[in-house]
Amino acid sequence: MSQQDDLFKNIVSHCKEYGFIFPSSEIYDGLGAVYDYGPYGIELKKNIQDFWWKAMVQLHENIVGLDSAIFMHPTTWKASGHVDAFNDPLIDNKDSKKRYRADVLIEDVVEKYRQKNDKEVEKAQKRFGDAFDEAQFRATNPNILRNQAKMDEIETRFKAALEAGDMAEIKQIIEDLEIACSVSGTRNWTEVRQFNLMFSTQLGSVADESSTIYLRPETAQGIFVNFLNVLNTSRQRIPFGIAQVGKAFRNEIVARQFIFRTREFEQMEMQFFVRPGEEMQWYNYWKDSRMKWHRALGFGADKLRFHDHLKTAHYANAAVDIEFDYPFGFKEMEGIHSRTDYDLTQHEKHSGKKLRYFDPEINEHYVPYVVETSVGLNRTFLAVLCNSYKEETLENGESRVVLALPAFLAPIKVGVLPLMKKDGLPEKAREVMSLLKFDHQLFYDEKDSIGKRYRRQDALGTPYCITIDHQTLEDNTVTLRDRDTMAQERVSIDTLEAIVGKKVGWKHLL
RNA sequence: GCGGAAGUAGCUCAGCUGGUAGAGCGUCAGCCUUCCAAGCUGAAUGUCGCGAGUUCGAAUCUCGUCUUCCGCUCCA
């Protein structure tokens, strides 16, 4: 574990030292869990984003793009459920110092009653055998009815308290239910405090005329509210998808682990609209398709896994995560959800607009079902970094730090290096630059020994270096050095465009 | 929010019982050099996280505060 910690520390240091990621506002001591992307970080992030966009939009005739605003009408978040669900009432046990979600504590009690009832049903089933009618049993058994009444009472009371925002009442419920902390075993609780995970701000500059609006906590809703606009203008027919990359904001209680969990983050989302009843087939399709995409980023099979959600969110009927094996363990990188017609139906209710599709094949109107793929750009960035950062020991005993990035993701594609900065070699190198610079991000370097320059490019993840030497002046050939094998081949300058273009392309990956 | 650890150059860190701020690597300039962090010369870079206190004198002692990391808590 400590070795993993060290590795992760080194990756974080490497990010800062080589211009990938800086702590935000660092001259003012930084801002907690906010990061800026430096010269090479932005290139890498952009390349990951482009690769996603191409894989989704460019390679699918039936997926179109969108860039919706971060600010949205406040009712959006009522409709989506975020105003309710993103408000967590928290409570601390004073003895164990453990913090709990008050709603989870209360729901655990409800769950216990539910389990009791299930046991009753099980027992009865054994007793009655095939003749057993579960529905009838549940409707008549006095034990079950008593428990059910208890559950209903708790839930009704809790719901009312939540809606009224009555934190004192929620604490009272916890006390009345005699809930104890599982660690200390005591019932010595603090007051219940409300945490809103959405950032709010004012729209309108005059305070009393302004209204509270939220920074979007997910990009998905921008897609749903534009469903009709896109449908009416893109000539798409179901099944089709809308893709979007953008920032989202969540006021996490704890933001940790470098760029893994931050309060401001970037999502790459695609909402795929399908005929009701066909959602599971598409859910499975996207599960496979998205896993292939992650594999194309160079992640080995052992680094990725699916993690099924046992308990799905309020909007979904199936959910799975694609997890990556970060130095701090397997963690979610992407979520794939079957969101049913929840979102569109909610927006219908709140907006009064019909969000339907007329399906000419079956001659029916319906609210489409939605399969969502939502991947964290920053999390993917971190995974790519963790996967490619290597501290190698070479045959001669020296060590080198190399970012073994897939070539198509590398911030710099080619380092152009004159062997020496005299004899016309720099001039010749500039010629090579002008040949390649329209297609690729290049880096010119003539300082220090050639070995040192190679190592500098290794640390940035540059997959290829072109070295111009004296022979170049004679026969117009250069050496092309491979980052991973450190092997060199001599090629003609005339063939460079084709060779490099092929090596850093992504055509063969998907 | 709780507990633990840490904040000194771009990075990694040293700096004793208080006495003018250091190393390695990196960066920059020059010399040398015909392919994997070579060598030589020179240079830049620090309110020692911040603020108070003790003291003739604080990177060092005391208190406060901020930030980061680890664990807990939370996580659509």
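Letters go in sequence order (proteins before strands), and every chain restarts at 1.
A side-chain donor from one of Glu269(A) and Thr219(A) sits under 3.5 Å from a side-chain acceptor of the other. Looking at Tyr454(A) and Thr467(A), their side chains do bring a donor and an acceptor atom within 3.5 Å of each other.
When the C1' atom is compared between rC56(B) and rG51(B), the two are found 22 Å apart, to the nearest whole Å. Between rG7(B) and rC11(B), the two C1' atoms lie 15 Å apart (nearest whole Å). On the P atoms, rA37(B) is 41 Å away from rU20(B), given to the nearest whole Å. Using atom C1' as the reference point in both rA38(B) and rA44(B), the two lie 24 Å apart (nearest Å). One C1' atom belongs to rA14(B), the other to rG53(B), and the distance between them is 28 Å to the nearest Å. Rounded to a whole angstrom, the distance from the C1' atom of rA58(B) to that of rG4(B) is 27 Å. For the C1' atoms, the distance linking rU60(B) with rG19(B) amounts to 11 Å, nearest Å.
Comment: Asp484(A) does not engage Lys390(A) in a salt bridge, judged by the lack of any side-chain N to carboxylate O separation of less than 4.0 angstrom. Checked for salt-bridge contact, Lys428(A) and Glu431(A) meet the test: a charged N lies under 4.0 Å from a carboxylate O.
For Leu419(A), the listed nucleotide lying nearest its side chain is rU34(B); candidates were rU27(B), rU34(B), rA76(B). Checking rG10(B), rA37(B), rU12(B) against the side-chain heavy atoms of Lys16(A) singles out rG10(B) as nearest. With distances taken from any side-chain atom of Lys447(A) to the nucleotides rU27(B), rA29(B), rU33(B), the minimum falls on rA29(B). In this structure, of rG10(B), rA37(B), rU34(B), it is rU34(B) that holds the atom nearest to the side chain of His470(A).
When the side-chain nitrogen and oxygen atoms of Lys9(A) are compared with OP1 and OP2 of rU12(B), none of them lie within a distance under 4.0 Å. Ser449(A) has a side-chain polar atom (N or O) that falls below the 4.0 Å cut-off from OP1 or OP2 of rA38(B).
Residue Thr479(A) is in base contact, counting any heavy-atom pair closer than 4.0 Å across all strands shown.
Nearer the 5' end of RNA chain B, as judged by each residue's closest nucleotide, is the contact made by Gly451(A), out of Tyr35(A) and Gly451(A). Mapping Lys421(A) and Met486(A) onto RNA chain B by nearest heavy atom places Lys421(A) at the nucleotide closer to the 5' end.
Glu332(A) pairs by the salt bridge (Lys or Arg N to Asp or Glu O under 4.0 Å) definition with nothing, not counting sequence neighbours.
Within 6.0 Å of the CZ atom in Phe330(A), the count of heavy atoms belonging to other residues, nucleotides or ligands exceeds 12.
Classified by interplanar angle (parallel below 30°, tilted 30° to 60°, perpendicular above 60°), the ring pair Tyr40(A)/Phe20(A) is tilted.
For the segment residues 453-461 of chain A, residues with any heavy atom less than 4.0 angstrom from an atom of RNA chain B are, sorted by number, Tyr454(A), Arg455(A), Arg456(A).
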